[in-house]
Amino acid sequence: MLSVANVRSASAAASYFAADNYYARVDADRSGQWLGKCADLLGLKGEVETAVFDALLRGELPDGSSVGNPGQRHRAGTDLTFSLPKSWSLLALVGKDQRIIEAYREAVIETLAWAERNAAETRLVEQGKLRTVATGNLAIGLFQHDTNRNQEPNLHFHAVVANVTRGPDGVWRTLKNDKLWSLNTLLNSIAMARFRTSIEKLGYEVGPTLKHGNFEARGITSEQLMAFSTRRQEVLAARQGHGLEAGRIAALATRAPKDGVVDRGVLGERWEAAAQDVGLDLKPLVAAALLKSGQQDKAASRPANLIERGRALLAEFAARIRGDTRDKLVPSAVVKGDRQSIAAAQAVASGVRHLSQREAGFERVALYKAALDFGLPTTINHVERAVGALVRTGQLIEGKGAHKGWLASREAVELETRILAFAGEGRGAIAPSLTDTEAVERVQASAAINHGLSLNEGQLSAARLILTSSDRIIAIQGVAGAGKSSVLKPVAEVLAEQGHPVIGLAVQNTLVQMLERDTGLRSQTLSRFLKDWGKLIDDPGPGSHQAEAKAALGDHVLVLDEASMVSNADKERLIRIANLAGVHRLVLMGDDKQLGAVDAGKPFALLQQGGIAKAEMSVNLRGRDPVLRQAQAAAQAGLVHAALDHLREYTVETKGEGAIVAAERWLALSPAERDQTMIFASGRRIRSAVNEAVQRGLLANRDIGPETITLGVLDRANLTREELRYPAAYRPGMVLEVTKRERSLGLKRGEYKVDAIDAAKGTVRLIDMDGRLHRLRPSQVRNTGKDDNLALHEERQLELHRGDRIRWTRNDHERGLFNADRATILAIEVNRVTVETAKGDRVEFKADDPMLKRLDLAYALNAHMAQGLTSDRGIAVMDSRERNLANQKTFLVTVTRLRDHLTLVIDSASRLGGAMAENKGDKASALEVTERLRAAALTGSARGHETETPSRSREELQREKSKALDIGI
């Protein structure tokens, strides 16, 4: 694993490196060596001398000059610590295979060379503006160490990057090290990928690929590894606290001084004795590797037909990830390449599919990392060339402007272009029966008479667009709390009088229930609607499906709530169905500043940018507390520092555990106050910590229990379809869920326990609920598809008590139990659990009921669960160190759920504000990334129904659609 740390002050560095001499002392088999073009330019070569090294860390160059600003604190450097997984340290240091040390050294040196080319930067002031420029040179002292602080085998290298580089103008300057920090996990993946190719040549068998490209050696058990990992056990023990804080302070809290080794021979004997104690005999593993590597060398010397060898290798790697070798993301010419080039082509194809499921555009370096982390035998240089090949063939399209360094797949660009084109088909397709004046008068009258409401200008604008637009597809962009539900009720009544029933659609069952409750609209989930009417697209037939759809939906208005949470794939299908069925109107209602879909795209924002007719509702009617309203308005405008400033009196900063503080605040409330106070967590980890802390507090206060039951519940692993096609995704004890029969895999609908993985053969052994064995070859899982028919779950033990609040994690339509809906445990008996649902229904479950595996505690909700919900009061927990979740969209959703009061529990207002200022939390759009939005945008009127064009012929619409699909591709 790679860890990064700043060497902060020059004076401390001189003492740290010279007196303690931690890096330069002989704690390994060789002294440090200079690396990097900057070191060469400074005349620093060969072995690192302590005095010269310390001077450079102070910013003093060999020619007598210096870098940095006089009188200001000088950052000495950046320490990149590359650590081998434990099994390889044992084989190298206890098994005495020196080849492993050299292989890892070469991998680290190649990784540092890549970092030098891609991450070396400095700052220049040009025309009064500060600019970051690439320099391509670093000065690095590389030091090998072979023990951890507990004197256990731990082969690692410290690459200390001095804070100096030469700019493109030839001037020596300080180094901007931001990229070294941001690319740290990629650098680890690069090093481990290079190490993998070397270690396999050395005859060793490697285990499954773990996080950030790490892997262990086959033949050494986890128990044997832990016997040499007491340092890790100390850190894990310190992490017994909950949430982020315990995990982040554990390494420092348990850190002891690292003593020098006086007699390394004695230490080696101690290691060998410890290996014997746990039954670890490394000699056979080393001997077998030496024998195998000799055989491989002989085989490699034999002549072979280049193309035949390439096809054989392609088939070998294809067997790991798909059932055949045909793949549009693998160029046909790749069979002429070497083994690593062929592996790189397959890895990059997998990386594109993996990233494209979640984002329509992604950084090029993210693709490098994704490709390397699939664990095929290749290196960063081969992966870079494979990505370049896809760019040249047009399968990947490079980003432009602000998205320079990004990529989008051709498929994603085509999909977004189709979304705009299909929306364009509905322009001018409707003949409205009401004028603007009639619409306003009738909806305002209905609101006043039937609901006692007076609609504001934004609400009237939305009503006017829904009732009078000549476009089939329209958007209502409304801020959180704008009263979208209030306007839907009278609008639906007016539409009903016009002969246009309204069907509500939402992405979650809880939102469906809220939509029905708040508006009275007959509603259903979007997934159910797409499943029912997807036959219009998937099986068009001779027209019978379309006739059926027009009869059922033709006069209807569809209203999609929280439209920002719908992906590209689902939005395209919805719009196509609306057009094919000839619905009267499809209303997309939401807020493009709130959270987007889990899967790729942000089509709600894309359609607005593309020129869809829309109305805006910009007044927040939800917040009743003046201060809270100010904070919500600032958050909506993206002014996170201002929002946090407004919330200063509502904020609790804690250096300890935020989840525990939030739980304590909620537990201090009366039962009635608890019912009116929701707890929001920025993500899954904090949510779980809050749930556990609340449950412990309730149990201690005897508010729940004493009856208890322990259940084995299933948590879905956050894996993409492409990851499910690799054996490394599967671990013994996991559960594979098949939602409908998979004939090609030989699996029926049901659950299968993962029993064992044979990575060499690319198979996974499964056991079904009747105890029968099945053999799954993950490579045969389809690499495309709209259905998540397969899902892997982790099993964990969950203790529940009478009175606990729970939520379901899947649907049971027959009993009216829906994913994310909440319930309360009423009774726990020997073989029975009784719950009360959110609707007040009592449901009894036998002990073996499958729904008892599909639940979790529900005292806290994360932001995606909370979007669309409203509460009078709330407690929210966020942490600046959760980099992906500390963003503006999560913050906006969190603070806008509430009417009267918010308690914000955070680690630091300044750090959280800084993190959110840098991270908007936006989803990517392929057309934005490639700057093709303007060309693909809807033609005609872009801003509203006042200037809408008259209906056009089908031939004109088809020409417009074809033109849009051909743009720039």
**OP:** Check step by step if side chain to side chain contact (heavy atoms under 4.5 Å, CB included) holds for V206 and W88.
**Re:** CA-CA 10 Å; V206 303; W88 301 110; 4.0 Å; yes

**OP:** Using the side chain to side chain donor-acceptor pair (under 3.5 Å) rule, take R684 and S688 through it: C-alpha gap first, then chi angles, then the decisive distance, then the call.
**Re:** CA-CA 6 Å; R684 179 185 295 188; S688 296; over 6 Å; no

**OP:** Would you sort out whether V164 and C38 count as a side chain to side chain contact (heavy atoms under 4.5 Å, CB included), showing the intermediate values?
**Re:** CA-CA 8 Å; V164 60; C38 180; 4.2 Å; yes

**OP:** Show your working on side chain to side chain contact (heavy atoms under 4.5 Å, CB included) between W271 and T147 and close with a plain yes or no.
**Re:** CA-CA 11 Å; W271 290 346; T147 62; 3.8 Å; yes

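With no hydrogens or angles considered, a side-chain donor-acceptor pair links S350 and Y726 at under 3.5 Å. Judged by distance alone, the side chains of T81 and H156 never bring a donor and an acceptor atom under 3.5 Å apart. Between the side chains of E106 and S198, no donor-acceptor pair of N or O atoms lies under 3.5 Å.
Around atom CG of D277, more than 12 heavy atoms belonging to other residues, nucleotides or ligands sit under 6.0 Å away. For K201, the NZ atom is loosely surrounded, since the number of other residues' heavy atoms within 6.0 Å does not exceed 12. The number of heavy atoms from other shown groups lying within 6.0 Å of CD (E653) is above 12.
The ring of F53 has its center closer than 6.0 angstrom to the ring center of F143. With ring centers used as reference points, Y104 lies under 6.0 Å from F195.
I686 approaches A681 most closely through the heavy-atom pair CG2-CB, 3.8 Å. Annotation for L285 and Y204: closest pair O-CE2, 3.8 Å, computed over non-hydrogen atoms.
Of the charged side-chain nitrogens involved, at least one lies within less than 4.0 Å of a carboxylate oxygen, so that E121 and K179 count as a salt-bridged pair. Taking the charged nitrogens against the carboxylate oxygens, E272 and K96 do have a contact shorter than 4.0 Å, which makes a salt bridge.
Between L80 atom CG and F157 atom CZ the span is 13.5 Å, to the nearest 0.5 Å. Distance check, rounded to the nearest 0.5 Å: CG of L912 to CE of M878 gives 5.0 Å.
The aromatic rings of H158 and H145 lie perpendicular to each other, with more than 60° between the two planes, well past the 30° mark.
The salt bridge (Lys or Arg N to Asp or Glu O under 4.0 Å) search around E205 returns none, not counting sequence neighbours. Applying the salt bridge (Lys or Arg N to Asp or Glu O under 4.0 Å) rule to K283 yields no partners; only residues at least two apart in sequence or on another chain are considered. Shown here are the side-chain contact (heavy atoms from CB on, under 4.5 Å) partners of E269, two or more places apart in sequence or in another chain: there are none.
Remark: of the listed residues T174, N137, N177, N137 is the sole one forming a side-chain hydrogen bond (donor to acceptor under 3.5 Å, both in side chains) with T165. Checked against W34 for a side chain to side chain contact (heavy atoms under 4.5 Å, CB included), the options D40, L56, L142 give a single hit: L56.
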